[in-house]
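Letters A, B, ... mirror the listed sequences (proteins, then strands); counts begin at 1. The figures here come from the full heavy-atom set of this structure, side chains too, leaving out hydrogens, waters and symmetry mates. All of these numbers come straight from a predicted model, not from anything done at the bench.
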Amino acid sequence: MDKVRTRFAPSPTGYLHVGGARTALFNYLYARARGGKFILRIEDTDQERSTEESYAQVLESLRWLGLNWDEGPEVGGPHGPYRQSQRLPIYREHAERLIQEGKAYPCFCTSEELEIKKAQREAMGLPAIYDGKCRHLSSQEVKKKIEAGFSYTIRFRTPPGKIVVHDLVQGQVYFDSSLIGDFIIIKSDGFPSYNYAVVVDDHLMEISHVIRGVQHLSNTPRQILLYQAFGWQEPKWAHVSEIVGSDHKKLSKRHGATPITAFRDLGYPARAFNNYMALLGWSPPDGQEFRTMEELCRIFDIERCSKSPAMFDVFDLEKAADQDLSALKTEELENYLFPKSKLNWLSNLHIRHCPEEQYLREVMPFVQKSDFVAKTHGEIANERLREILLALRVYLDYYRQILRYLSDFFVDFDEKTIDDFAEEIISSQNFLSIAETFHRLIKERGGEDFTAEAIKNIIAETGRLTGHKGKNLYMTLRIACTGKKEGLELPQYLALLGYQKVEETLRKTIALAKERWPAGSLGGV
RNA sequence: GUCCCCUUCGUCUAGCGGUUAGGACUCGGGAUUUUCAUUCCCGCAACAGGGGUUCGAUUCCCCUAGGGGACGCCA
């Protein structure tokens, strides 16, 4: 096998979720790691279920992830077309060949008939395989039935024998063709069946490695039989473990199978999501988990893929009860995210460790969703907004969280929202002296030079004048100036809030202290 | 029902006959810090069960249990 050519072959019958995306990722990474090509092929042979919306959504998701295909829809390539619905003559032609060689035959059994037989066999405890009724029809009989207008399928004449799948992940797996039966390769609507189309296309597209989920392992013997019937060389097989939801169940709408686009909308950087997915069923040789795409493209290897299923553990499914997570709006979905998932941890690292300009570019679309920013548009100098965003960077697990943190800079102090802790501080004896001293000092400067450095000095001076220091001083000022006990490092925080805002909050908290606790309480901090 | 696959801390996993069973996330504790976060230490926590093979099994084989997949004119 000289060149490595991998492919991702989704069927456009729904949205792309982690299951498929991870398979696509593995194919992409393997092709990149081996200097090969990554091909995208659309398996839209189910006329009932395939939709254009789904097709568009799948491509959109792959593009967002950055899993760019070297050949495939919309980019073309030497082995097109890359949508199976556009390759019908090719399948027909190859099926004819099999019929001529006696390796396939038309079958006139109706679906109803087959269903009844299948039920009967199941009732008797027999494997539910086709009984071969049309296997021995003479060419005259076939001709007559076709002329009479009976619709028919084409079945593969499965030869007896053992089949062994040599799998890069699963090892050698043995099957017996007597348990397979004559399967359909061309459906009565003239479209190819999955097992058949996959073989014809993988061969014609010169796919060297078929990397896909284990659920396809039991299809593989059928495909191998077809390779043998055509006299083609098999690709290398690699059936990777599947992904399950946090309840150990197969991924489904209620079990965490949200569309990939949901993660984009939540504001996870694509590289972070890829990094996380790469760790599901694969592990890096050195154990280092935080990785760039470049590194992943270099070090990925099928050898290190695990056989056991991996859990996609980012949603609190218990909390979500039986909700259809795929139907939720982004802000609702956010409520079911585990705050401490590995995805969040990785994503936070990716957000913190990218160049500033890239971070700013990526966070901006979410910033623009903020009502506060929209309302105060023009009031915040770009430079200040930039500083605020950079200061907030360390807190973000995904970009949408910026909305939450941004509110700290734009919401006015409201005494109704203060908590017990803040109340305790405000009511303490020290509060007024510290707050008023600081208030006086900044007013004397009239907002001139309201930088972090200057504020630090003013805080120090406040400390000298009032005789307080450390936590006592800082926490009191924090509550006095912001009304909250959490936030950025204080001098920087106040500088970013701006003189006016700080001065205004200070006035309110001081007024509150005087009004509610005129004498100061007995509590000290 | 038949066939196939899977089972190491809560989670992702390393391990490929001899290890104090390692790492990461989470969690608990501590240090640093004016708070939260960060960072840095420390700690809790696992080989599903039972038989073999072997001087020695997490590792190899068999059985049981549990989970998953396939058996479609779905992919």
Side-chain angles (χ1 to χ4, degrees), chain A residues 9-13 43-46 48-50 84 107 109-111 114-115 118 121-130 151-155 165 167 170-171 173-176 178-181 183-195 197-198 213-222 239 241-242 244 246 248-250 276 279-290 304 306-314 338-346 348 352 394-396 421 459 469-479 482 484-491 493:
Chain A
S11 66
T13 52
E43 312 221 319
D44 52 352
T45 53
D46 186 336
E48 297 275 305
R49 300 198 302 147
S50 296
Q84 293 187 324
C107 168
C109 299
T110 63
S111 312
L114 292 169
E115 248 167 66
K118 185 184 164 193
R121 290 185 75 91
E122 267 172 12
M124 287 191 290
L126 294 168
I129 53 173
Y130 178 60
S151 83
Y152 63 99
T153 60
I154 296 174
R155 282 183 188 272
V165 180
D167 193 284
Q170 306 287 326
V173 188
Y174 297 85
F175 294 90
D176 192 322
S178 67
L179 266 11
I180 290 175
F183 55 93
I184 288 171
I185 59 173
I186 300 281
K187 302 185 268 189
S188 59
D189 62 1
F191 276 57
S193 71
Y194 164 73
N195 282 116
V198 133
V214 258
Q215 68 269 27
H216 290 290
L217 183 60
S218 32
N219 284 316
T220 311
R222 289 179 181 73
H239 289 95
S241 67
E242 65 202 311
V244 294
S246 57
H248 285 103
K249 293 272 164 49
K250 186 188 174 185
Y276 175 75
L279 264 17
L280 256 25
W282 174 82
S283 61
D286 58 3
Q288 173 63 47
E289 297 184 305
F290 172 55
R304 298 191 63 82
S306 155
K307 293 169 90 167
S308 44
M311 185 183 287
F312 181 60
D313 202 15
V314 310
F338 277 123
K340 299 288 195 165
S341 69
K342 199 160 199 167
L343 170 62
N344 280 1
W345 169 70
L346 276 173
N348 173 266
R352 283 194 292 153
V394 67
Y395 292 89
L396 303 178
F421 182 79
I459 293 175
K469 59 182 181 179
K471 188 173 180 175
N472 205 346
L473 172 68
Y474 271 86
M475 193 42 95
T476 304
L477 281 174
R478 178 178 291 281
I479 299 290
T482 71
K484 292 194 208 82
K485 64 174 187 283
E486 292 152 10
L488 306 176
E489 205 178 322
L490 198 59
Y493 194 14

| A:S218 (side chain) and B:C4 (base): donor-acceptor pair under 3.5 Å | no

| field | Polar pair under 3.5 Å, donor/acceptor by atom type, side chain A:Y395, base B:C36 | value | yes

Separation of B:U11 atom P from A:Y276 atom OH, nearest Å, is 12 Å

- Message: Is there a side chain to side chain contact (heavy atoms under 4.5 Å, CB included) between A:V214 and A:K307? Walk through the geometry before answering.
- Response: CA-CA 9 Å; A:V214 258; A:K307 293 169 90 167; over 6 Å; no

Remember a base hit wins even if backbone is also touched, and classify [X] as base, sugar-phosphate or nothing at under 4.0 Å, heavy atoms.
{"X": "A:N219", "value": "base"}
{"X": "A:H239", "value": "nothing"}
{"X": "A:S308", "value": "sugar-phosphate"}
{"X": "A:G281", "value": "sugar-phosphate"}
{"X": "A:I459", "value": "nothing"}
{"X": "A:K340", "value": "sugar-phosphate"}
{"X": "A:F183", "value": "nothing"}
{"X": "A:E115", "value": "nothing"}
{"X": "A:E289", "value": "base"}
{"X": "A:P491", "value": "base"}
{"X": "A:L280", "value": "sugar-phosphate"}
{"X": "A:S188", "value": "base"}

If we take the [atom1] atom in both [N] and [M], what is their distance in whole Å?
{"N": "B:C61", "M": "B:G22", "atom1": "C1'", "value": "27 Å"}
{"N": "B:G23", "M": "B:A46", "atom1": "C1'", "value": "14 Å"}
{"N": "B:A57", "M": "B:G50", "atom1": "C1'", "value": "15 Å"}
{"N": "B:A31", "M": "B:A45", "atom1": "P", "value": "23 Å"}
{"N": "B:C60", "M": "B:C3", "atom1": "P", "value": "23 Å"}
{"N": "B:C27", "M": "B:G68", "atom1": "C1'", "value": "30 Å"}
{"N": "B:U35", "M": "B:A24", "atom1": "P", "value": "26 Å"}
{"N": "B:G17", "M": "B:C12", "atom1": "C1'", "value": "26 Å"}

Identified pairing partner of [N], criterion: Watson-Crick or G-U wobble below 3.5 Å:
{"N": "B:C40", "result": "B:G30"}
{"N": "B:A70", "result": "B:U2"}
{"N": "B:U20", "result": "none"}
{"N": "B:U35", "result": "none"}
{"N": "B:U54", "result": "none"}
{"N": "B:U7", "result": "B:A65"}
{"N": "B:A14", "result": "none"}

Side-chain N or O of [X] versus OP1/OP2 of [N]: is the shortest distance under 4.0 Å?
{"X": "A:K342", "N": "B:U13", "value": "no"}
{"X": "A:R304", "N": "B:C12", "value": "no"}
{"X": "A:K118", "N": "B:G72", "value": "yes"}
{"X": "A:R49", "N": "B:C73", "value": "no"}
{"X": "A:T45", "N": "B:A75", "value": "yes"}

With the side chain of [X] defined as its heavy atoms from C-beta on, choose the nearest nucleotide among [options].
{"X": "A:R478", "options": "B:U34, B:C71, B:C4", "result": "B:U34"}
{"X": "A:L179", "options": "B:U2, B:U34, B:C27", "result": "B:U2"}
{"X": "A:R222", "options": "B:U35, B:A70, B:A75", "result": "B:A70"}
{"X": "A:F175", "options": "B:C73, B:U11, B:C3", "result": "B:C3"}
{"X": "A:Y194", "options": "B:U13, B:U35, B:A75", "result": "B:A75"}
{"X": "A:D46", "options": "B:C5, B:G69, B:C74", "result": "B:C74"}
{"X": "A:I184", "options": "B:U35, B:C73, B:A70", "result": "B:C73"}
{"X": "A:Q215", "options": "B:U11, B:U38, B:G69", "result": "B:G69"}

Run A:L346 and A:L279 through side chain to side chain contact (heavy atoms under 4.5 Å, CB included) and show every step you take.
CA-CA 11 Å; A:L346 276 173; A:L279 264 17; 3.9 Å; yes

Note: for A:P10 and A:Y130 on RNA chain B, the residue whose nearest nucleotide lies more 5' is A:Y130

By nearest-nucleotide position on RNA chain B, the 5'-leaning member of A:L279 and A:L217 is A:L217

Would you kindly say whether A:D176 and A:S178 are connected by a side-chain donor-acceptor distance under 3.5 Å?
-> yes

